[in-house]
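Here the structure is laid out as structure tokens; the discussion comes afterwards.
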Amino acid sequence: MELVPRTTAPLHATGAVDFIPLSAISADAAFRLREVGDVSALAASIARLGQLAPVELRPLPGAGDGPVRFQVVAGFRRLAAVRLLSRGRVLARVHARLDEEDAWGLALTQALLGEPLQAAELEALRGRLAATRAAP
């Protein structure tokens, strides 16, 4: 059986990892699923070991022609920890083309695999998403 190489990757798997200046990242929290909370232990880990996992970014919809600004899809705690350390940049996977549905899939998957949401948090999230109709 001959393997046929893919000519394009799926949209959700097209991110390139790079260091992104914090000044280029929007404060938009549309994909934040829970409060960031205390990130001091995470910041200590990043200070000691380095940032092991990138945050997930996409171009900020409607940013216009100005400097490219990015929207955080996943990794709000890591971003807060890097800011706590007063670093100027964060390791990020930048998804050049990530539609709303795939962005929500990525945000939900990372959140549920990292630290499961409690029942009350899941209900609050379900209500928020239903009210905004942001996620399918």
Side-chain angles (χ1 to χ4, degrees):
M1 179 168 141
E2 183 178 332
L3 295 176
V4 178
R6 285 185 65 99
T7 56
T8 60
L11 289 180
H12 61 276
T14 58
V17 177
D18 201 356
F19 282 101
I20 302 298
L22 294 179
S23 61
I25 299 174
S26 169
D28 178 86
F31 293 102
R32 190 179 74 209
L33 303 179
R34 66 181 101 202
E35 292 302 315
V36 171
D38 181 13
V39 295
S40 57
L42 179 56
S45 173
I46 290 172
R48 187 174 58 252
L49 302 172
Q51 186 185 341
L52 302 177
V55 299
E56 305 289 338
L57 304 177
R58 71 178 189 165
L60 181 64
D65 293 332
V68 176
R69 295 197 41 92
F70 298 100
Q71 180 181 40
V72 180
V73 175
F76 287 91
R77 287 180 47 80
R78 281 168 271 161
L79 182 61
V82 168
R83 285 192 169 123
L84 181 64
L85 293 169
S86 298
R87 303 257 171 102
R89 61 188 190 157
V90 66
L91 183 66
R93 180 174 293 112
V94 179
H95 301 271
R97 299 179 322 173
L98 191 64
D99 63 23
E100 288 289 309
E101 186 173 337
D102 284 339
W104 276 108
L106 181 60
L108 291 166
T109 300
Q110 287 226 346
L112 294 174
L113 291 176
E115 184 179 332
L117 295 166
Q118 301 299 316
E121 292 172 314
L122 282 171
E123 285 303 315
L125 177 60
R126 180 178 289 129
R128 182 178 130 208
L129 294 178
T132 62
R133 297 180 183 225

Side chain to side chain donor-acceptor pair (under 3.5 Å) involving [X] - partner list, sequence neighbours excluded:
X   : value
R87 : none
R83 : none
S23 : none
Q71 : D28, R58

Looking at every heavy atom in both [X] and [Y], which two are closest together, and how far apart are they?
X    : Y    : value
V73  : A103 : CG1-O, 3.2 Å
L84  : A43  : CD2-CB, 3.7 Å
A53  : R78  : O-CD, 3.4 Å
R77  : D38  : NH1-O, 3.4 Å
L33  : A107 : CD1-O, 3.6 Å
D102 : D99  : N-OD1, 2.8 Å

So CG of L52 and CG of L91: to nearest 0.5 Å the spacing works out to 9.5 Å
Would you compute the distance between atom CD1 of I20 and atom CD1 of I25 and round it to the nearest 0.5 angstrom? 7.0 Å
Stepwise side-chain contact (heavy atoms from CB on, under 4.5 Å) test for L22 and L79: CA-CA 9 Å; L22 294 179; L79 182 61; 3.5 Å; yes
Where at least one partner belongs to residues 71-92, residue pairs that pass ring-ring contact (aromatic ring centres under 6.0 Å, His included), sequence neighbours excluded: none
In short, ring-ring contact (aromatic ring centres under 6.0 Å, His included) pairs touching residues 18-58 with sequence neighbours left out are F31-W104
Would you check if V72 and R32 make a side-chain contact, meaning some heavy-atom pair closer than 4.5 Å? no
